[in-house]
Engineer: 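Sharing a structure with you now.
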There are 4 protein chains.
Amino acid sequence: MIEVGIVGGTGYTGAELLRLFAGHPSARVSVLTSRQEAGKRADVLFPHLRGRCDLVFTAPDETALARCQVVFFATPHATAMNLAPALLAQGVKIIDLSADFRLKDAAVFNQWYRHDHACPDLLAEAVYGLPEVNRERIRAARLVAAPGCYPTAVQLGLLPLLEADWVEPAHLIADCKSGVSGAGREAKIGSLFCEATESLSAYGVAGHRHLPEIVQGLNGAAKTPVGLTFVPHLTPMIRGIHATLYARLKSAAAAADLQVLFETRYRDEPFVDVLPAGGQPETRAVRGSNLCRIAVHRPSGGDTVVVLSVIDNLLKGAAGQALQCFNLMCGFDERTALDALPLVP
Amino acid sequence: MIEVGIVGGTGYTGAELLRLFAGHPSARVSVLTSRQEAGKRADVLFPHLRGRCDLVFTAPDETALARCQVVFFATPHATAMNLAPALLAQGVKIIDLSADFRLKDAAVFNQWYRHDHACPDLLAEAVYGLPEVNRERIRAARLVAAPGCYPTAVQLGLLPLLEADWVEPAHLIADCKSGVSGAGREAKIGSLFCEATESLSAYGVAGHRHLPEIVQGLNGAAKTPVGLTFVPHLTPMIRGIHATLYARLKSAAAAADLQVLFETRYRDEPFVDVLPAGGQPETRAVRGSNLCRIAVHRPSGGDTVVVLSVIDNLLKGAAGQALQCFNLMCGFDERTALDALPLVP
Amino acid sequence: MIEVGIVGGTGYTGAELLRLFAGHPSARVSVLTSRQEAGKRADVLFPHLRGRCDLVFTAPDETALARCQVVFFATPHATAMNLAPALLAQGVKIIDLSADFRLKDAAVFNQWYRHDHACPDLLAEAVYGLPEVNRERIRAARLVAAPGCYPTAVQLGLLPLLEADWVEPAHLIADCKSGVSGAGREAKIGSLFCEATESLSAYGVAGHRHLPEIVQGLNGAAKTPVGLTFVPHLTPMIRGIHATLYARLKSAAAAADLQVLFETRYRDEPFVDVLPAGGQPETRAVRGSNLCRIAVHRPSGGDTVVVLSVIDNLLKGAAGQALQCFNLMCGFDERTALDALPLVP
Amino acid sequence: MIEVGIVGGTGYTGAELLRLFAGHPSARVSVLTSRQEAGKRADVLFPHLRGRCDLVFTAPDETALARCQVVFFATPHATAMNLAPALLAQGVKIIDLSADFRLKDAAVFNQWYRHDHACPDLLAEAVYGLPEVNRERIRAARLVAAPGCYPTAVQLGLLPLLEADWVEPAHLIADCKSGVSGAGREAKIGSLFCEATESLSAYGVAGHRHLPEIVQGLNGAAKTPVGLTFVPHLTPMIRGIHATLYARLKSAAAAADLQVLFETRYRDEPFVDVLPAGGQPETRAVRGSNLCRIAVHRPSGGDTVVVLSVIDNLLKGAAGQALQCFNLMCGFDERTALDALPLVP
């Protein structure tokens with residue numbers, strides 16, 4: 001039985017980790033920290049866990065965490081990077097759901113997160129936790145940076161095209177729609193029911209923190225610097241990201257079979273489902289699951305490719321993907337505790 | 001491996017049965033019927049099941065169904081009663097999610113459903129599938145009538161009070177709020193997104209079909225005819241029933257401990273959770289699970305008892321409860337394939 | 001042109017007052033205060049007002065407010081009572097949308113709001129701003145306490161029955177369902193989209209601040225102390241209150257015509273619409289309007305009366321009713337700037 | 001007082017016309033037709049209109065309609081084109097909210113709507129009812145084709161750029177998000193609350209009927225054939241269209257001031273609001289109003305222009321724009337009965 005710690009368990013990703021581990025046969029959460037809620041039972045904060053979770057929040061304590069084999073950080077940025085070196089030094093593996101270890105370049109981190117990085121030397125070692133790209137490296141990793149939600153949906157949608165060098169890399173467009181849970185369980189006006197429901201708007205058009213993360217991943221796939229216009233939108237639903245991706249086919253690829261490309265690329269992936277030609281995935285068809293469903297289109301047979309990619313932002317976009325990495329790191333079947341079907345309706 | 005048939009699998013309860021059975025280790029659905037969708041793959045109608053369900057809808061066929069050990073009816077009323085006798089005669093067990101076998105009195109059935117009953121002789125044998133009342137009879141049953149959604153929430157909330165004879169039976173009030181999925185997956189104006197969202201209204205105040213079913217159950221608990229005012233409301237959410245129940249304490253029970261009564265009554269029930277004193281359950285805290293969560297209050301210490309009872313109408317109020325009965329009938333652990341935690345947020 | 005001041009204009013009732021006054025031909029808002037947003041344009045906080053509202057928030061300033069003829073308080077409780085005496089002394093009329101002047105008994109105010117009242121001597125003078133009860137007194141008032149949202153829906157639904165002495169006053173039940181905007185435009189976890197949508201729960205069962213206000217009003221109508229069980233519920237919609245009211249008919253009233261009673265009581269009311277017999281009002285049928293729609297039922301002809309009463313909590317339950325009082329106080333047609341039809345769908 | 005007829009008044013656009021005309025000082029609806037609802041009062045179908053609308057649906061009758069001065073068609077396509085010639089011949093002016101007269105080329109109409117056009121000769125005369133383009137022609141028109149909802153949002157967003165010849169016309173992208181009311185008040189599975197809420201998906205990627213209409217309009221502005229990729233998405237809200245538009249700046253326009261371009265283009269438009277630089281309009285900020293709010297961005301100063309354009313699909317995208325045309329055709333102030341502010345929250 002693997003002993004697991006969760007730092008910062010009061011948000012939605014923390015709650016999802018608790019829910020997922022309640023069904024894991026070979027691991028259990030033994031430390032759950034929250035400075036603010038220390039002393040409170042987790043099932044008081046999250047009554048849906050009543051009867052299946054006896055944990056009590058404790059103040060973060062390095063000694064207690066060091067007794068775990070794996071520690072998840074479900075914290076805002078700039079927390080994991082302060083605790084990670086000491087835990088790693090004591091042999092603890094780390095899966096960070098925050099942004100601290102996603103970007104390889106400390107200067108870029110500083111530019112977007114307005115923090116100096118506390119341990120830039122670890123950035124090279126940290127493995128970007130997208131199993132569809134880095135599966136073997138994740139298996140061997142001490143430190144995994146779980147990808148952001150937008151980056152997961154966008155990269156899985158564009159990777160096949162860029163790896164095949166079939167589209168112009170300089171003018172990619174990612175028009176993304178997110179449910180409100182992407183903003184976290186934080187008391188702010190913009191996330192209120194009465195502000196967010198029955199409305200839709202773009203935000204962060206001038207620059208969103210997930211942009212450099214996505215670009216870094218796409219650069220790797222394209223083996224050349226890409227140009228990306230990324231426009232996220234806030235939409236009135238709890239869970240779900242729908243990425244609508246636009247790319248221009250290179251003329252050399254004009255006769256290419258996009259459907260076969262995608263099916264081949266993801267044939268062995270347990271959590272990527274390429275829809276039959278003509279498909280149009282709904283976000284609810286992945287709600288509550290770790291799946292990414294993808295469809296690829298070429299409207300009117302023109303040179304614009306449209307990829308539709310959906311995930312549950314709290315699962316394949318956060319806690320589910322982190323658990324997928326955990327399973328890989330611990331030698332378990334990748335799908336352990338991740339086999340729930342989407343909840344529809 | 002138990003072979004299961006589902007008649008009428010195109011609605012929400014049918015889809016939920018398919019989802020639940022996809023996780024059942026000892027049973028599998030082998031026949032799935034729909035007159036209208038015959039020939040179509042189930043995962044075309046329900047894309048969330050892609051990858052985990054290879055079934056194809058077939059036209060209802062008694063011979064094929066007779067090869068199953070258990071057949072579920074997820075049909076509108078007046079279907080099961082026409083097929084049940086023949087299937088029972090061939091040794092098939094039946095779990096009917098429609099109203100056909102819930103009411104013991106064929107005349108009452110006719111009054112509320114405007115149909116003569118096709119096999120009134122079976123009404124006495126049919127076991128009302130509320131495990132918290134009829135567990136042992138369900139284990140032994142050939143024919144189970146799975147309760148309606150409102151009746152489940154209301155009965156579980158009032159049973160302890162009536163069994164203990166602590167409240168006046170003549171003036172019970174059940175003010176119930178239901179999500180829209182209670183109306184089924186049927187194309188009708190009133191269930192449209194634009195009609196049902198951002199609004200709330202009572203309906204069926206003059207008389208709702210679940211009234212006689214609830215009264216029949218409460219009569220049994222009270223051992224005297226009860227008087228019930230039942231007002232259902234349509235509320236803008238997918239899943240969930242919230243029953244707010246009002247009863248007048250008998251003066252003999254003025255000093256009674258309601259909290260202990262409820263905790264004792266449901267101590268051994270795997271799917272009924274009595275909240276600590278002062279609790280106020282949210283419907284989402286049971287969403288996607290087979291749980292009923294209950295709280296009991298006595299505002300200002302007066303003689304009015306208020307019980308709050310919540311379920312997921314598609315699970316404890318339909319498919320989940322039917323599967324709970326199935327597990328009992330087949331000798332499995334009652335909780336098999338029903339251990340999912342609620343999906344929150 | 002009447003000059004109007006609004007103190008505390010950053011909440012939903014403040015925004016609604018601004019919207020309503022933008023359409024008022026004989027009054028204009030000239031002072032709009034907010035300590036926190038001072039210096040910001042109102043249409044930056046409320047972009048829907050762009051092009052029709054040039055106001056800038058200013059810090060509260062008695063001198064500026066004293067130049068207005070009427071000042072609205074759209075503040076939390078315990079603000080209006082500190083400013084009211086000085087403004088009244090300078091001849092300003094006051095319409096308070098907070099709770100400060102609703103309760104006639106300063107001790108009851110202290111018990112529920114945990115504040116000593118700053119000017120208990122004004123409580124007797126303050127007129128409770130329910131035009132259907134106090135129209136003439138409102139016309140003549142210097143100080144009006146606009147009713148709470150639940151109290152408006154509940155009182156309008158029960159008044160005819162209590163005034164006629166047709167129901168038992170000792171065991172009234174008000175099962176109320178509110179949209180989330182009733183909780184105000186305040187950053188708190190419980191009002192987040194992801195917490196409030198797709199769920200429903202009771203709250204304040206042990207005691208809600210609107211209880212004494214409702215009881216005070218019902219006592220007045222019944223001319224005897226009433227007993228009321230009041231259970232509010234939070235429901236996933238922006239606007240709307242649906243009060244489902246239960247009362248026991250006195251035997252002397254067993255043959256009474258409830259429909260006629262209600263139609264007669266509200267015949268001349270511009271904002272109360274009694275539905276035809278059998279009606280079941282939806283909250284959306286009053287959304288965006290100042291209307292209260294009511295239906296009265298007697299299920300199965302028994303002795304339990306069920307009244308259904310719906311309002312838009314931000315209009316007839318707050319800003320609309322306050323403007324209705326304003327029109328009366330200023331000698332305008334009561335309906336001025338309140339003639340918008342509900343927005344459906 | 002202008003006498004108005006509405007053919008097909010049972011949908012959302014019909015209901016909105018009734019609501020808007022209830023506030024029009026110089027016109028009144030005197031004929032309201034519906035084959036299916038003939039004999040029923042309009043306020044039974046639309047209870048929110050109670051007290052302000054006494055109309056009764058009648059079967060369509062050319063004689064009655066011919067007594068009106070203006071007739072609106074709020075019907076599915078292929079209805080208006082059958083009645084229009086006869087009504088025009090009798091001097092009735094027509095505003096068609098369906099697609100029958102939007103496309104100038106009967107062959108294109110046939111290709112997308114699978115109907116031969118009944119009166120192709122009228123296509124040249126019909127004026128496309130986008131006042132921001134055709135104001136003077138609308139004033140003089142006998143027959144106006146009110147634009148579709150997507151076409152309104154997209155054209156208003158792209159017109160300034162194309163008219164100025166600042167962007168490459170060959171590779172325009174319109175990623176559009178619509179509320180569910182765009183699908184009409186029709187009983188179909190896909191529009192059910194439980195199907196449409198808490199989900200988001202693209203549809204019609206292979207080709208949507210609004211595509212040729214948009215292209216026709218953009219061609220006119222660009223004075224050259226444009227290439228457009230149009231991907232509509234269904235989003236879980238009642239009202240609202242959010243068009244996110246992407247275009248590549250021509251190098252000659254690299255130094256151009258986009259903000260000034262848009263502000264200048266729409267300076268005198270009563271219903272187009274260009275947000276200050278950096279703005280990001282929410283759909284709710286136009287809900288219930290006839291406004292289009294627009295913002296223009298150039299992320300990272302690159303050569304991709306992003307335009308955000310929002311409307312209420314039932315108003316500026318349907319009934320409101322039709323009424324705007326009506327006012328122009330009748331010589332009224334364009335804003336008559338269209339001055340409601342958006343309803344927020």
Side-chain angles (χ1 to χ4, degrees), chain B residues 170-173 175-179 192-208 211 227-231 233-242 244 246 248 278-287 295 297-300 302-306 308 310 343-345, chain C residues 170-173 175-179 192-208 211 227-231 233-242 244 246 248 278-287 295 297-300 302-306 308 310 343-345:
Chain B
H171 282 94
L172 305 169
I173 290 173
D175 187 291
C176 295
K177 299 87 175 166
S178 173
L192 292 178
F193 179 87
C194 295
E195 300 293 307
T197 200
E198 286 296 313
S199 195
L200 189 153
S201 67
Y203 67 101
V205 179
H208 182 284
L211 176 61
L228 174 69
T229 300
F230 168 49
V231 179
H233 299 75
L234 187 66
T235 66
M237 58 187 182
I238 302 172
R239 291 165 183 252
I241 283 187
H242 186 294
T244 313
Y246 302 89
R248 192 91 58 86
Q280 293 168 148
E282 318 172 285
T283 59
R284 66 174 185 157
V286 298
R287 178 172 62 215
H297 290 257
R298 195 172 157 185
S300 313
D303 64 355
T304 300
V305 182
V306 179
L308 313 173
V310 303
L343 190 69
V344 173
Chain C
H171 281 95
L172 305 170
I173 289 173
D175 188 293
C176 295
K177 298 88 176 166
S178 173
L192 292 178
F193 179 86
C194 294
E195 301 293 308
T197 200
E198 286 296 314
S199 195
L200 190 153
S201 68
Y203 68 101
V205 179
H208 182 285
L211 175 61
L228 174 70
T229 300
F230 167 49
V231 179
H233 299 75
L234 187 67
T235 66
M237 58 186 184
I238 302 172
R239 290 166 182 250
I241 283 186
H242 187 292
T244 314
Y246 302 89
R248 193 90 58 85
Q280 294 168 147
E282 318 172 285
T283 59
R284 67 173 186 159
V286 299
R287 178 172 62 215
H297 290 257
R298 197 173 157 184
S300 313
D303 65 354
T304 300
V305 183
V306 179
L308 314 172
V310 302
L343 190 69
V344 174

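First the proteins, then the strands, lettered A, B, ... as listed; each starts at 1.
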Engineer: Side chain, backbone, both or neither: which part of C:Pro281 has a non-hydrogen atom closer than 4.5 Å to chain B?
Structural biologist: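 When you check distances to chain B, only backbone atoms of C:Pro281 fall under 4.5 Å.
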Engineer: With a 4.5 angstrom heavy-atom cut-off, which part of C:Val306 approaches chain B: side chain, backbone, both or neither?
Structural biologist: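 For C:Val306, the side chain is the part near chain B, not the backbone.
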Engineer: Do the charged groups of C:Arg284 and B:Glu195 touch, with an N to O distance under 4.0 Å?
Structural biologist: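 Yes, C:Arg284 and B:Glu195 are salt-bridged.
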Engineer: Quick check on B:Arg298 against chain C: is it the side chain, the backbone, both or neither that has a heavy atom closer than 4.5 Å?
Structural biologist: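 Answer is neither: B:Arg298 stays 4.5 Å or more from chain C.
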Engineer: Identify which part of B:Leu200 has an atom lying under 4.5 Å from any heavy atom of chain C, answering side chain, backbone, both or neither.
Structural biologist: both
Engineer: Side chain, backbone, both or neither: which part of B:Ile238 has an atom under 4.5 Å from a heavy atom of chain C?
Structural biologist: both
Engineer: Select, from B:Asp303, B:Val344, B:Leu211, the one with the greatest count of heavy-atom pairs under 4.5 Å involving chain C.
Structural biologist: B:Asp303
Engineer: Counting heavy-atom pairs closer than 4.5 Å to chain B, which one of C:Thr304, C:Leu192, C:Val205 comes out on top?
Structural biologist: C:Val205
Engineer: Count the heavy-atom pairs under 4.5 Å between each of B:Cys194, B:Ala202, B:Pro299 and chain C, then report the option with the highest count.
Structural biologist: B:Ala202
Engineer: Can you name the side chain to side chain contact (heavy atoms under 4.5 Å, CB included) partners of B:Ala196, sequence neighbours left out?
Structural biologist: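 Applying side chain to side chain contact (heavy atoms under 4.5 Å, CB included) to B:Ala196 gives B:Val180, D:Phe193.
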Engineer: Shorter than 4.5 Å, heavy atoms on both sides: which option in B:Ser201, B:Gly240, B:Ser199 has the most such pairs with chain C?
Structural biologist: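 Max contact count across the listed options: B:Ser199.
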Engineer: How long is the straight-line distance from CD1 of C:Ile241 back to OG of C:Ser178, given to the nearest 0.5 Å?
Structural biologist: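 Atom-to-atom, C:Ser178:OG and C:Ile241:CD1 are 4.5 Å apart.
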Engineer: With rounding to the nearest 0.5 Å, note down the distance linking CG in C:Asp175 to CZ in C:Phe230.
Structural biologist: 9.5 Å
Engineer: For chain C, which candidate among B:Arg248, B:His297, B:Glu282, B:Arg287 shows the most heavy-atom pairs at distances under 4.5 Å?
Structural biologist: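 Top count of heavy-atom pairs under 4.5 Å with chain C: B:Arg248.
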Engineer: Angle between ring planes, C:His208 versus C:Tyr203, binned at 30° and 60°: parallel, tilted or perpendicular?
Structural biologist: perpendicular
Engineer: Say you draw a straight line from OG1 of C:Thr283 to CD of B:Glu198; how long is it, rounded to the nearest 0.5 Å?
Structural biologist: 8.0 Å
Engineer: Side chain, backbone, both or neither: which part of C:Leu308 has an atom under 4.5 Å from a heavy atom of chain B?
Structural biologist: side chain
Engineer: To the closest 0.5 Å, what do you measure between NZ (B:Lys177) and OG1 (C:Thr235)?
Structural biologist: 10.0 Å
Engineer: Can you measure from NE2 (C:His242) to NE2 (C:His233) and round to the nearest 0.5 angstrom?
Structural biologist: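 Between atom NE2 of C:His242 and atom NE2 of C:His233 there are 12.5 Å.
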